Protein chains: 2
Amino acid sequence: MNPRERRAARHRPPDPEGEPAPRPRRTAPITVDQVVDSALGLVAAEGYEALTMRRLAGALDTGPASLYAHVVNKADLDELLIGRLCAELVLPEPDPAAWREQVRGVCDQLRDQYLRYPGISRAGLAMVPTDLEIVRVSEGMLAILLGGGVAPQDAAWAVDALLLYVAAYCLETAIARQRSTDDDAAWVLDRDELRRRFTALPAATFPHTTRHAAELTAGEGHDRFDFTVGLMVDGLAHG
Amino acid sequence: MNPRERRAARHRPPDPEGEPAPRPRRTAPITVDQVVDSALGLVAAEGYEALTMRRLAGALDTGPASLYAHVVNKADLDELLIGRLCAELVLPEPDPAAWREQVRGVCDQLRDQYLRYPGISRAGLAMVPTDLEIVRVSEGMLAILLGGGVAPQDAAWAVDALLLYVAAYCLETAIARQRSTDDDAAWVLDRDELRRRFTALPAATFPHTTRHAAELTAGEGHDRFDFTVGLMVDGLAHG
DNA sequence: AGCTTGACTCGAACGTCGTTCGTCTATAGA
DNA sequence: TCTATAGACGAACGACGTTCGAGTCAAGCT
């Protein structure tokens, strides 16, 4: 089957009759799932930038051309990865009394999933409203917000804003982590170093940055993430 | 001079004695400013993905190797571009009575600047706390927030969150615009098409998405942007 | 049973990318 | 005038995404 047809078939509602058994082959044929699995493994181990058609093909003991029988593009592969990633999120049944916690829970799940595969959120940014599995997540968040009494227009835009922020946050931290590993200890921008840098700035032109260097560099773990998501959620509540 | 030294010199406080006149050459030598100018022109005309060392060199009537006398890396070039871009922002004197409008104004400026050079926010995402010119913008926003009475910790994190969101928003819209141009009318995801897609989804599994397709696809211009920034700013005010 | 069809594999290649090396030129300082 | 050096640049390297075309096999038809 042509990979373009395959891609189209993926977006069609699933055929009611079960798939007619995975056709056996002498040398076991490569499947799309195998490709996605290997790709995710590669990203988890070495980051998204290491996900190359050539390296992926190598992980499957074949050449790069073989992949194009199962995947249209690298963009198509990205879409598959994000789809798989979103499919693993569990969306709670909306509880009007706990909608804030539920929204934050979904965001946390998505954040953790993105960070498990460092840098993959770059692909997620590119297709926020496109992929079907993302629509599923979007639907789940929308349900929670609407259940919580948020006005439909606010809820719709908030879902978009939250998904965008989560992807951006994860992309930023992935870049920061990568810099601290591959660059030879020259980019060591851990918090202490960054804070020292801020305080070393000329206080005349950067008075607030130097004075509040502590606050600017504060935040263990995902405190900054929690703060921002909380800001948006609380804003929705007061709206 | 070695380009690494040049880069280091850029991050040092400017030499009090003025530069000793741009040394003349027979064939006028390339300067860093020329490189940045050409690069920005290229990005403005054809988008960030068209910014290639080779194409940039071509625009300067030379080969790619010549650029490396003035720039360490493509990453270094990105840093220069973002710096130039941020340097053009005008930061208002903090007015405690109008801090919300002032913050939004700075965000709008940054948004417009990013969108003038489509896709360049990808580079901006990678160095939110790094570059000196970004620190200048950060300082300006911090001053406005502190002047408005926002608690220092909230202000510091909010600056970070806002800069991140603005960059992500601009990156997303740049990708969307590019898709609508270079793909041959197959990716026509204008709002009507997107809305039609949402309503065509199976209502059983996506009840809210189909019912509120109008809200999900609503928003002229930067309404979505204004909504999200307003959400964060109002959240700060109520905190 | 033989043949056709079509999905799949894969070696080889194309064009592009960022970057480096070595060489050359022409100026600045002695 | 001589020399040291900053800068320009042709050529090349390795890696990237992608395409082409020949080959290989299983399934379906006659």
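It should be emphasised that the depicted structure is a prediction, and the values quoted were computed from it without experimental measurement. Proteins get letters first, then strands, A, B, ... in listed order; numbering begins at 1 in each.
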Chemist: Check the distance between D:dG7's C1' and B:Q34's CD and give it to me in whole angstrom.
Modeler: 13 Å
Chemist: Is the phosphate of C:dC17 approached by B:T52 (side-chain N or O, under 4.0 Å from OP1 or OP2)?
Modeler: yes
Chemist: Given atom CG of B:L56 and atom C1' of C:dT19, what is their separation to the nearest angstrom?
Modeler: 14 Å
Chemist: Run the salt-bridge test on A:E193 and A:R196 with the 4.0 Å N-O cut-off and return the result as yes or no.
Modeler: yes
Chemist: Which nucleotide, C:dC10, C:dT20, D:dA8, lies nearest any side-chain atom of A:A65?
Modeler: C:dC10
Chemist: Does B:T62 place a side-chain N or O at less than 4.0 Å from the phosphate oxygens OP1/OP2 of D:dC9?
Modeler: yes
Chemist: To the side chain of A:K74, which of C:dC21, C:dC10, D:dT18 is closest?
Modeler: D:dT18
Chemist: Contact class for B:S66 (heavy atom, under 4.0 Å): base, sugar-phosphate, or nothing?
Modeler: base
Chemist: Is the shortest side-chain N to carboxylate O distance from A:E46 to A:R55 below 4.0 Å?
Modeler: yes
Chemist: Between B:M53 (CE) and C:dG15 (P), how many Å, whole number?
Modeler: 23 Å
Chemist: Compare side-chain N and O positions of B:H70 against OP1 and OP2 of D:dA6 and report whether any pair is under 4.0 Å apart.
Modeler: no
Chemist: Whole angstroms only, please: what is the CG-P distance between B:L51 and C:dC17?
Modeler: 11 Å
Chemist: Rounded to whole Å, please give me the gap between OH in A:Y48 and C1' in D:dG17.
Modeler: 12 Å
Chemist: To the nearest angstrom, how far is B:L67 atom CG from C:dC17 atom P?
Modeler: 13 Å
Chemist: Measure the distance from CZ on B:R55 to C1' on C:dT19 and round it to the nearest whole Å.
Modeler: 19 Å
Chemist: When you measure from the side chain of A:I30, which nucleotide among C:dT9, C:dT20, C:dC17 comes out closest?
Modeler: C:dT9
Chemist: Closest heavy-atom contact between B:H70 and B:I30?
Modeler: NE2-O, 2.8 Å
Chemist: Return the value, rounded to whole Å, for the distance between atom CZ of A:R54 and atom P of C:dC10.
Modeler: 16 Å
Chemist: Any side-chain N or O of A:N73 below 4.0 angstrom from OP1/OP2 of D:dT18?
Modeler: yes
Chemist: Under the 6.0 Å and 45° cation-pi test, does B:R111 pair with B:F225?
Modeler: yes
Chemist: Taking the side chain of B:Y68 as heavy atoms from C-beta outward, which of C:dG18, D:dT19, D:dC16 is closest to it?
Modeler: C:dG18
Chemist: Look at the side chain of B:T217 and the backbone N and O of B:A213, then say whether any donor-acceptor pair between them is shorter than 3.5 Å.
Modeler: yes
